[in-house]
Amino acid sequence: MRRFTWSMSSTSVSSSNSYSQTFQQLPGAIIIGVRKGGTRALIDMLSLHSGVAVSQKEVHFFDLQKNYEKGLPWYVSQMPYAFPDKLTIEKTPAYFTDVHTPERIHQMNPDIKLLLIVREPTLRMISEYTHAFHNRLRIQKQYMSINDFLLKDGEIKLKCIALNRSLYYVHMQNWLEYFPLDSFHIVDGDELIRKPWQEINKVERFLKLEPQINSSYFYFNETKGFYCLKDHGQEQCIRESKGRAHPYVAPAILEKFYQYFHEPNKKFFSLVSRTFNWS
Ligand SMILES: *[C@@H]1O[C@H](CO)[C@@H](O)[C@H](O)[C@H]1NC(C)=O
Ligand SMILES: *[C@@H]1O[C@H](CO)[C@@H](O)[C@H](O)[C@H]1NC(C)=O
Ligand SMILES: *[C@@H]1O[C@H](CO)[C@@H](O)[C@H](O)[C@H]1NC(C)=O
């Protein structure tokens, strides 16, 4: 692995507007994952805060070797132009499960703030299936059934990567090798759907932003059964799988998974010193 050295002076780029100088700067906070946890909803909500600038696309700097090799100046060039007092935030959900990323982010800035959003692990896994299923559908390809995705000969497929991604403690252990627990704030993705402003207020506190985003930023769409953001150009709602219905999974199969995740969940709770409302 090549190593890079850089000076801070080369990591911010200014625009040439002579009246209001905006800059591209390194993020002060990163949303590291988890996939299908609600990272898009989270960054969209944070983008409404006047103290925040967000990168619109997933940057994949630390997890993709070909990007990492381009160095920090490239990373900065992916960031939004903003006034220097703004907090820049990027999100790449693949970071959470990538083995190289924690060390690399730590090398860049050991004091960076890390946001992780998690959901109940079985639900998250099914959401990942739904996402893959619709991606295949879009290119007119078939995809395996949900039961084939989850099970082999009636047993849980332990080698399934989506299952592994829901073993939050496995990945969290790796992060905690490099960062203390107070570098992280964990957002409850299920609560973010139910009462978005309550979860966002906690994020504001963690990021030391003034409290701004309250219930008046949202309205409840009765038809959809979700909260949506007001004044967000196109209608933007907080919903699972971009509003796609999850496939039917028999209660007995769900129960198998709830039981399977029980121990891994306990390990995760103990690592992060808090619990979530999962079965
Ligand atoms: C999950 O994946 C990680 C690598 O991301 C690996 O180290 C670990 O052994 C896997 N765990 C299980 C139970 O498959
Ligand atoms: C939300 O915040 C705005 C100003 O940022 C304020 O005018 C409004 O009264 C607040 N609404 C609630 C429900 O607290
Ligand atoms: C609520 O959602 C429905 C169904 O998607 C949509 O047709 C309707 O326009 C939405 N209502 C509002 C007030 O946004």
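These values consider heavy atoms only, across backbone and side chains, with no hydrogens, waters or symmetry-generated copies. Note that the numbering runs from 1 along the sequence shown for the chain. As the structure lists them, so they are numbered: ligands from 1, and atoms in each ligand from 1.
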Query raised in the report: Among all protein non-hydrogen atoms, which one is nearest to atom 13 (C) of ligand 2, and what is the separation to 0.1 Å?
Result: Ser215 OG, 3.6 Å
Query raised in the report: Hey, would you say the Tyr81 and Phe23 ring centroids sit under 6.0 Å apart?
Result: no
Report task. Answer yes if Leu64 and Tyr75 sit in the same cluster of Ile, Leu, Val, Met, Phe, Trp and Tyr residues linked by side chain heavy atoms under 4.5 Å apart, and no otherwise. Result -> no
Query raised in the report: Using the ring of each side chain (for Trp, its six-membered ring), is Tyr143 parallel, tilted or perpendicular to Phe149, with breaks at 30° and 60°?
Result: tilted
Query raised in the report: Which one of Ile30, Asp98, Thr92 satisfies the side-chain contact (heavy atoms from CB on, under 4.5 Å) criterion with Phe62?
Result: Ile30
Query raised in the report: Is the closest side-chain donor-acceptor distance between Asn147 and Ser145 under 3.5 Å?
Result: no
Query raised in the report: Would you say ligand 3 has an N or O under 3.5 Å from any N or O of Tyr219?
Result: yes
Query raised in the report: Are Ile161 and Met144 co-members of a hydrophobic cluster defined by side-chain heavy atoms under 4.5 Å apart?
Result: no
Report summary line: In this structure, atom 9 (O) of ligand 2 is nearest to the protein heavy atom Asn214 ND2, 4.9 Å
Query raised in the report: Distance below 4.0 Å between atom 7 (O) of ligand 1 and any protein heavy atom?
Result: no
Report task. Specify the protein heavy atom at minimum distance from atom 5 (O) of ligand 2: its residue, its atom name, and the distance to 0.1 Å. Result -> Gln212 O, 4.3 Å
Report task. Any atoms of ligand 1 less than 4.0 Å from a non-hydrogen atom of Leu167? List them with their elements. Result -> 13 (C)
Report summary line: Exactly one of His60, His100, His171, Glu90 clears side chain to side chain donor-acceptor pair (under 3.5 Å) with Tyr95, and that residue is Glu90
**Report entry** Check: Asn164 N/O within less than 3.5 Å of ligand 1 N/O
**Finding:** yes
Query raised in the report: Measuring to protein heavy atoms, does anything land under 4.0 Å from atom 2 (O) of ligand 1?
Result: yes
Query raised in the report: Counting from 1, what ligand 2 atoms have a heavy atom of Ser216 closer than 4.0 Å?
Result: 1 (C), 11 (N)
